[in-house]
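This one's a predicted model, so the numbers in the text were calculated from it and none came from an experiment.
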Amino acid sequence: MKIATWNVNSVRARMERVVAWIEDKQPDVLCMQEIKCLDEQFPRQVFEDLGYRVATFGQKTYNGVAILAKQNLEDVVRGLPGETSDAQKRVLGAQVGDTLILNLYVVNGEKVGSEKFAYKMEWMARVAEFVRERYDMSEKIVLCGDFNVTFDDRDVYDPEGWREKILCSTPERTALAKFGELGLRDAFRHFTTEGGHYTWWDFRTGGFKRDHGLRIDHFLMSDAALAACRGIEIDKGARGGEKPSDHAPVIAHME
DNA sequence: ATGGTGGGTTCCCCA
């Protein structure tokens, strides 16, 4: 079974690329972030025609998450506990087979010390609390998505240039490490220890052609899920070509 | 320190 995560940066703008990618890679599950549309604007029928069940949690213009799955999506969870209907749409959970999947689009945070940064910290803490309350770590738990945080300097093309900057700061890394304390492992690091593997390259700096990237899209797995994981693949090729997203898809190969 | 590009919407916001 293949579980994929991809920040598509607008599903409607990316449709041609996403459909071609699905036809090529045939993921069993695809978690998308930044769909940037309302549920009723989501091109559901196209994916259903490709053989997927579809769950969405969208909003106008910004954010929005979706899960496609070849199997039934059960116990779908939209958002965090206590959120009102105007909250940013960043969390979508579902059970697929014996695996509990939580698709996350973590707050970007703009700049360390900003108002948005404070919101990022508060939001990440709320996600961790939700995970601690809701999930039994003896189960197969898979958190995936755009975490907008690097684990350590191996995930950064220029660690000194990014020192304590957004996506790389100590408070963010500490908040990400909190999931480790809950029993969720960085699946990529279970297989690969060397640096230089990235999932996002900034449009603005033309970072992709110089491989100026960061690894911010992750799979965090319980030990039960990790035991079924055969490898993590970053599909860097999907970041190239015409009209790409600024993120590469990441695939967890599960038994 | 700033700005660059790209997406969605709108007379600019967000990444």
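For DNA chain B, none of the residues of residues 146-164 of chain A falls under the heavy-atom distance limit of 4.0 Å.
For R12(A) (side chain) and P43(A) (main-chain N/O), no donor-acceptor pair under 3.5 Å exists by modelled atom type. Side-chain atoms of T99(A) do not come within 3.5 Å of backbone N or O of K140(A) as any donor-acceptor pair.
The side chain of R14(A) contributes no N or O atom lying less than 4.0 Å from OP1 or OP2 of dG6(B).
Nucleotides dG4(B) and dC14(B) have their C1' atoms positioned 15 Å apart, rounded to a whole Å.
If you check dT5(B), dC14(B), dG7(B) against the side chain of F203(A), the one that comes closest is dT5(B). The side chain of Y62(A) sits closest to dC13(B) out of dT9(B), dC13(B), dG4(B). Of the candidates dT10(B), dT5(B), dG7(B), dT5(B) carries the atom nearest the R204(A) side chain, counting heavy atoms from C-beta on.
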Side-chain donor-acceptor pairs under 3.5 Å in residues 181-190 of chain A, sequence neighbours left out?
{"residue": "R185(A)", "atom": "NE", "partner": "D223(A)", "partner atom": "OD1", "Å": "3.0"}
{"residue": "R185(A)", "atom": "NH1", "partner": "G180(A)", "partner atom": "O", "Å": "3.4"}
{"residue": "R185(A)", "atom": "NH2", "partner": "D223(A)", "partner atom": "OD2", "Å": "3.3"}
{"residue": "D186(A)", "atom": "OD1", "partner": "F188(A)", "partner atom": "N", "Å": "3.3"}
{"residue": "D186(A)", "atom": "OD1", "partner": "R215(A)", "partner atom": "NH1", "Å": "3.3"}
{"residue": "D186(A)", "atom": "OD2", "partner": "R215(A)", "partner atom": "NH2", "Å": "2.6"}
{"residue": "R189(A)", "atom": "NH1", "partner": "T192(A)", "partner atom": "O", "Å": "2.8"}
{"residue": "R189(A)", "atom": "NH1", "partner": "E194(A)", "partner atom": "O", "Å": "3.0"}
{"residue": "R189(A)", "atom": "NH2", "partner": "D155(A)", "partner atom": "OD1", "Å": "2.9"}

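The CH2-P distance, from W200(A) to dG6(B), rounds to 14 Å in whole Å. As a whole-Å value, the separation of E110(A) CD from dA1(B) P is 15 Å.
Nearest-nucleotide positions on DNA chain B for N7(A) and K36(A) put K36(A) closer to the 5' end.
Nearest heavy atom pair, residue E172(A) against residue S169(A), reads OE1-OG, 2.6 Å.
Not a single side chain to side chain donor-acceptor pair (under 3.5 Å) links S222(A) to another residue, sequence neighbours left out.
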